[in-house]
Enquirer: 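Provided herewith is a single structure, encoded as structure tokens, for subsequent inquiry.
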Number of protein chains: 2
Amino acid sequence: MQFTKAEEYGMQGVLHLADKGKDEVTPLSEISEARDIPEKFLAKIFQSLSRSGILRSHRGVRGGFTLAKPPGDITVKDVLEAIQGPYHLTKCIPDPDSCARSASCAMRELLVTAEERLLEVFVKHTLEDVVHMERSMSAPPSEKPNP
Amino acid sequence: MQFTKAEEYGMQGVLHLADKGKDEVTPLSEISEARDIPEKFLAKIFQSLSRSGILRSHRGVRGGFTLAKPPGDITVKDVLEAIQGPYHLTKCIPDPDSCARSASCAMRELLVTAEERLLEVFVKHTLEDVVHMERSMSAPPSEKPNP
DNA sequence: TTCTTCGGCCTTGGTGAATTGCATATGGAC
DNA sequence: GTCCATATGCAATTCACCAAGGCCGAAGAA
Ligand code: SF4
Ligand code: SF4
């Protein structure tokens, strides 16, 4: 990365849609206000996500966006990579020829491993998982009932 | 990250020292030439490493740098953090107050996990390990003896 | 003393992140 | 069929930081 605002906002926006159900069309203005995201910025991010087939856009009055697939079929990695392209700690990882030293570079081996560990976390969680986590975090009603 | 040039160069430089043995004083000029690193840039990086107690500097004729500790006592993470400060995917990880949403944000939980997985790799490998890997990679003499 | 090497500070150019603005296209509501 | 809300596309701006280079001073061995 670094984890950019675009990724941050993009995830928030997609989670907002996932939380509302797959087929509820929601305009940018609502998401922008609810999650406190600059509307024009979010528009650009959602365009990337539409083109990647993660969102579906609907123009015209009462238009907006919906998820293109069920939340359980979209991983966090799908969203992040749709926003900022494939993530790599160094360019020598996807393209060993970019560094003359790569063939005998031990650091590169380490970086490949590190990158794998990082991405594993994002691959193994779908939007459904995250929404579920979010709900259980924000609503713990039986924690300490009033005496 | 992103993995910056400073980290890249810093690791290369430190590995060069580790490869030569703990107590061999080596000037910037040699490292700079051997590993193809801009000398002034490397100088700045090594200053940070000196201040962090990873390197020791020696001024004057036949001066240079040495490791301050045995290579087995220095982890890759030590070096990387000395160069660019503590690594965090987002600022809400070390400082939850920086985001109003942090208390009920599931993404943050995911990011904490992802960051841990990434750093584990850097903590578990010392310079000694990496130098050892490097040697075994660049010198496989018994792989295919001449017929 | 002298020469070598590091130390600190300041400057520069370049790149990309994070916005904002405006003009255009689309399609549902009426 | 007209209107208006909405997305789409492109341009431009601002700002931060990375990468590098230059200059002079300090330290220290010979
Ligand atoms: S030196 Fe190693 S880690 Fe650095 S760019 Fe080259 S191959 Fe990659
Ligand atoms: S929304 Fe969640 S992940 Fe993003 S900064 Fe706030 S706490 Fe961190």
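None of the values given here were measured: they were computed from a predicted structure. Note that these values count all heavy atoms, side chains included, but never hydrogens, waters or copies made by symmetry. Proteins come first, then strands; the chains are lettered A, B, ... in the order of their sequence lines, and each starts at number 1.
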Enquirer: Give a yes or no on whether a donor-acceptor pair under 3.5 Å exists between the nucleobase atoms of C:dG8, that is its base, and the side chain of B:K40.
Expert: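 Answer yes: a donor N or O sits under 3.5 Å from an acceptor.
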Enquirer: Indicate the atoms forming the closest heavy-atom contact of B:G10 with B:I83, along with that distance.
Expert: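 Smallest heavy-atom distance, with atoms named: CA-CD1, 3.7 Å.
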Enquirer: For A:E120 and A:R117, run salt bridge (charged side-chain N to carboxylate O under 4.0 Å, His left out): C-alpha distance rounded to whole Å, both residues' side-chain angles, the deciding distance at 0.1 Å, then the answer.
Expert: CA-CA 5 Å; A:E120 269 171 12; A:R117 294 286 173 281; 3.7 Å; yes
Enquirer: Expressed in angstrom and rounded to an integer, what is the separation of A:R62 atom CZ from D:dA5 atom P?
Expert: 14 Å
Enquirer: Rounding to a whole Å, what distance do you find between A:F46:CZ and D:dT6:P?
Expert: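 Value for this atom pair: 15 Å.
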Enquirer: OP1 or OP2 of C:dT19 versus the side-chain N and O atoms of A:Y9: is any pair under 4.0 Å?
Expert: yes
Enquirer: Looking at B:T26 and B:E24, would you say the former's side chain and the latter's main chain have a donor-acceptor pair under 3.5 Å?
Expert: yes
Enquirer: Please tabulate, for the side chains in residues 36-54 of chain B, all donor-acceptor contacts under 3.5 angstrom to protein atoms that are two or more places apart in sequence or on a different chain.
Expert:
{"from": "B:S50", "atom 1": "OG", "to": "B:F46", "atom 2": "O", "distance (Å)": "3.0"}
{"from": "B:S52", "atom 1": "OG", "to": "B:S48", "atom 2": "O", "distance (Å)": "2.9"}

Enquirer: Please report the distance, rounded to the nearest Å, between CG in A:L42 and C1' in C:dA18.
Expert: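 Nearest whole value for this atom pair: 13 Å.
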Enquirer: Please assess B:R101 against A:E134 for the test salt bridge (charged side-chain N to carboxylate O under 4.0 Å, His left out), listing each intermediate value before the final yes or no.
Expert: CA-CA 11 Å; B:R101 209 181 305 279; A:E134 203 145 63; over 6 Å; no
Enquirer: Would you kindly give the NZ-to-P distance between B:K5 and D:dA20, to the nearest whole Å?
Expert: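 Taking NZ of B:K5 and P of D:dA20, I get 7 Å after rounding.
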Enquirer: Can you tell which of A:L127, A:T126, A:L55 makes a side-chain contact (heavy atoms from CB on, under 4.5 Å) with A:V79?
Expert: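 The residue from A:L127, A:T126, A:L55 that satisfies side-chain contact (heavy atoms from CB on, under 4.5 Å) with A:V79 turns out to be A:L127.
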Enquirer: So, does the side chain of A:K44 form a donor-acceptor pair with the base of C:dT19 at under 3.5 Å?
Expert: yes
Enquirer: Rounded to the Å, how far apart are B:I45 CD1 and C:dC6 P?
Expert: 14 Å
Enquirer: NA contact type, A:F65, heavy-atom cut-off 4.0 Å: base, sugar-phosphate, or nothing?
Expert: sugar-phosphate
Enquirer: Under a 4.0 Å heavy-atom cut-off, which of residues 51-61 of chain A touch DNA chain D?
Expert: A:R51, A:S57, A:H58, A:R59, A:G60, A:V61
Enquirer: Among the candidates D:dA20, C:dC6, C:dG7, find the nucleotide nearest to the side-chain atoms of B:Q47.
Expert: C:dG7
Enquirer: Could you check how far CZ of B:F41 sits from C1' of D:dG22, rounded to whole Å?
Expert: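 Whole-Å distance recorded here is 15 Å.
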Enquirer: Tell me the interatomic distance from B:E8, atom CD, to D:dA20, atom P, rounded to whole angstroms.
Expert: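 Whole-Å distance recorded here is 11 Å.
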Enquirer: Atom CD of B:E39 to atom C1' of C:dG7: distance rounded to whole Å?
Expert: 13 Å
Enquirer: Are B:Y87 and B:V121 linked, directly or through intermediate hydrophobic residues, by side-chain heavy-atom contacts shorter than 4.5 Å (ILVMFWY only)?
Expert: yes
